[in-house]
A.B. asks: 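After the structure tokens below, expect a handful of questions from me.
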Amino acid sequence: MTDPGTLNVLVLGGTDEARRLAAALAERPGTRVVSSLAGRVRDPRLPVGEVREGGFGGPTGLRAWIEENRIGVVIDATHPFAARMTASAVEATGLAGVPLLILRRPGWQQGPGDDWRWTPSLEAAAELLPSLGGRVFLTTGRRSLPVFAGLDDLWFLARSVDPPRPPLPRNLKVLLSRGPFTVEGELALMRDHDVEVVVTKDSGGRMTTAKLFAARELGLPVVVVRRPAVPDDVPKAETVERAVAWLEAVAGAQAG
Ligand code: NAP
């Protein structure tokens with residue numbers, strides 16, 4: 001049981017920002033932070049402080065969890081492509097009457113020398129690939145691989161944190177690895193495997209940008225999957241510092 005004066009903050013995590021936010025809030029007096037992870041990665045990087053793992057059971061389950069744990073504020077710091085979790089957070093906090101902030105790092109910006117092909121979905125990326133090259137570097141995560149499974153004429157190098165599960169592309173080499181990556185490392189990897197095209201989600205952030213610089217240097221096309229839309233009517237922050245400032249304002253208003 002926590003002190004009635006304590007502000008209980010739920011951070012929906014699984015990202016570098018969520019870990020940095022948990023670390024920043026751990027320093028805040030009168031604050032208890034619980035970070036939530038989906039529990040998908042076998043050996044996740046853990047934030048400091050209290051952690052819970054696993055789904056809540058949709059918006060109804062999340063609302064119940066918020067109420068049982070006397071959560072006063074929710075910050076959704078999940079990955080920009082974790083759209084179901086975000087939708088669930090919006091609905092559950094609305095039902096529970098608890099303030100929500102969406103912390104989203106900005107997307108990547110195309111620069112001079114980049115040859116990017118924006119697509120609305122992984123499926124659209126798979127359709128485009130045969131026209132761009134036969135040797136593909138896939139960096140969209142292990143759970144995206146089934147989308148590319150029918151492309152038997154292409155060869156894939158896929159990088160993921162944990163091993164992918166079938167259905168998988170027929171011609172596939174899997175590289176188990178976790179960022180951050182360096183431009184030198186990405187250049188060597190792409191050269192060694194004669195990569196002709198790169199596929200990425202518009203994840204944003206600095207942990208995985210090296211592949212984009214390497215593709216630019218090698219003159220390779222990059223298929224970039226657009227982010228899912230974020231609800232308009234929810235406050236948002238692009239940095240951990242702004243998220244902390246928002247929390248201060250909300251906590252001040254609640255105290256006053
Ligand atoms: P998703 O499709 O939006 O979520 C599917 C379900 O997983 C949610 O409805 C929720 O289950 C559960 N879930 C997701 N994030 C959770 C969290 N932080 N805490 C507790 N339950 C969570 O999400 P996803 O794309 O599978 O991503 C899962 C996790 O991996 C997220 O935490 C995300 O930050 C992280 N991640 C995702 C990506 C990516 O490319 N998608 C990349 C890096 C990290 P219930 O409905 O049962 O509550």
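Side chains included, hydrogens not; waters and symmetry mates left out as well; all remaining heavy atoms used. Start at 1 and go down the list; that is how both ligands and their atoms are numbered. Everything quoted here is computed from the prediction, not taken from an experiment.
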A.B. asks: Is Ser88 touching ligand 1 with its side chain, its backbone, both, or neither, if touching means heavy atoms under 4.0 Å apart?
C.D. replies: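 The answer is neither; Ser88 stays 4.0 Å or more away.
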
A.B. asks: Give a yes or no on whether the backbone of Gly107 and the side-chain of Asp202 come within a donor-acceptor separation of less than 3.5 Å.
C.D. replies: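 Side chain of Asp202 to backbone of Gly107: no pair is present.
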
A.B. asks: Quick one: CG on Leu128 to CZ on Arg117, what's the gap to the nearest 0.5 Å?
C.D. replies: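 The CZ atom of Arg117 is 7.0 Å from CG of Leu128, to the nearest 0.5 Å.
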
A.B. asks: For the backbone of Gly54 and the side chain of Arg52, can you confirm whether one donor and one acceptor N or O come within less than 3.5 Å of each other?
C.D. replies: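 Confirmed, Arg52 side chain pairs with Gly54 backbone.
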
A.B. asks: In plain terms, say whether Glu186 and Arg159 are close enough for a salt bridge, that is, a side-chain N and a carboxylate O under 4.0 Å apart.
C.D. replies: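 Counted as a salt bridge, because a side-chain N and a carboxylate O are separated by less than 4.0 Å.
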
A.B. asks: Of all the non-hydrogen atoms in the protein, which one sits nearest to atom 17 (C) of ligand 1, and at what distance?
C.D. replies: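 Of every protein heavy atom, Ala38 N, 3.5 Å lies nearest to atom 17 (C) of ligand 1.
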
A.B. asks: Would you say CG of Asp153 has more than 12 non-hydrogen atoms from neighbouring residues, nucleotides or ligands within 6.0 angstrom?
C.D. replies: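 Atom CG in Asp153 is not crowded, with 12 or fewer foreign heavy atoms closer than 6.0 Å.
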
A.B. asks: If only atom types and distance count, is the side chain of Asn69 paired as donor or acceptor with the main-chain N or O of Ile71 below 3.5 Å?
C.D. replies: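 Looks like no, no N/O pair under 3.5 Å.
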
A.B. asks: Starting from atom 46 (O) of ligand 1, locate the nearest protein heavy atom and write down its residue, its atom name and how far away it is, to 0.1 Å.
C.D. replies: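 Heavy-atom neighbour on the protein nearest atom 46 (O) of ligand 1: Gly58 N, 3.1 Å.
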
A.B. asks: Protein heavy-atom contact under 4.0 Å for atom 30 (O) of ligand 1?
C.D. replies: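 Under 4.0 Å from atom 30 (O) of ligand 1, zero protein heavy atoms found.
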
A.B. asks: Could you check whether any heavy atom of Gly57 sits closer than 4.0 Å to an atom of ligand 1, since that is the contact criterion I want to use?
C.D. replies: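 Yes, Gly57 has a heavy atom closer than 4.0 Å to ligand 1.
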
A.B. asks: Of all the heavy atoms in Leu37, does at least one lie under 4.0 Å from an atom in ligand 1?
C.D. replies: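 Right, Leu37 reaches ligand 1.
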
A.B. asks: Under 4.0 angstrom from ligand 1, any heavy atom of Ala83?
C.D. replies: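 A heavy atom of Ala83 does come that close to ligand 1.
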
A.B. asks: For atom 14 (C) of ligand 1, tell me which residue out of Lys201, Arg142, Met85, Met207 has the closest non-hydrogen atom.
C.D. replies: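 Checking each option, the heavy atom nearest atom 14 (C) of ligand 1 is found in Met85.
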
A.B. asks: Is the shortest distance from a heavy atom of Gly54 to ligand 1 less than 4.0 Å?
C.D. replies: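 Heavy atoms of Gly54 do come under 4.0 Å of ligand 1.
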
A.B. asks: Using a 3.5 Å cut-off on N or O atoms only, is Ala82 in polar contact with ligand 1?
C.D. replies: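 In this structure, Ala82 places an N or O atom under 3.5 Å from an N or O of ligand 1.
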
A.B. asks: Would you call Val174 and Pro164 a side-chain contact if the rule is heavy atoms closer than 4.5 Å?
C.D. replies: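 Heavy-atom side-chain distance check passes, below 4.5 Å.
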
A.B. asks: Among His79, Arg143, Arg52, Arg84, whose heavy atom sits nearest atom 38 (C) of ligand 1?
C.D. replies: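 Shortest heavy-atom distance from atom 38 (C) of ligand 1: His79.
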
A.B. asks: Honestly curious: do Val136 and Leu157 fall in one hydrophobic cluster under the side-chain, below-4.5 Å linking rule?
C.D. replies: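 No: no chain of side-chain contacts under 4.5 Å links Val136 to Leu157.
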
A.B. asks: Under 4.0 Å between a side-chain nitrogen and a carboxylate oxygen: does that hold for Glu238 and Arg104?
C.D. replies: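 Answer for the salt bridge query: no.
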
A.B. asks: Identify, for atom 35 (C) of ligand 1, the protein heavy atom at the shortest distance, and state residue, atom and that distance.
C.D. replies: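 Result for atom 35 (C) of ligand 1: Gly14 O, 3.8 Å.
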
A.B. asks: How close does the nearest protein non-hydrogen atom get to atom 48 (O) of ligand 1, and which residue and atom is it?
C.D. replies: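 Ranked first by proximity to atom 48 (O) of ligand 1 is Phe56 N, 2.7 Å.
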
A.B. asks: Relative to the ring of Phe81, is the ring of His79 parallel (under 30°), tilted (30 to 60°) or perpendicular (over 60°)?
C.D. replies: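 Aromatic pair His79/Phe81 classed tilted.
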
A.B. asks: Where the closest heavy atom to atom 19 (N) of ligand 1 is concerned, which of Gly55, Gly13, Ser36 has it?
C.D. replies: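 The option holding the nearest heavy atom is Ser36.
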
A.B. asks: N/O of Arg40 under 3.5 Å from N/O of ligand 1, yes or no?
C.D. replies: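 Arg40 vs ligand 1: N/O contact under 3.5 Å present.
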
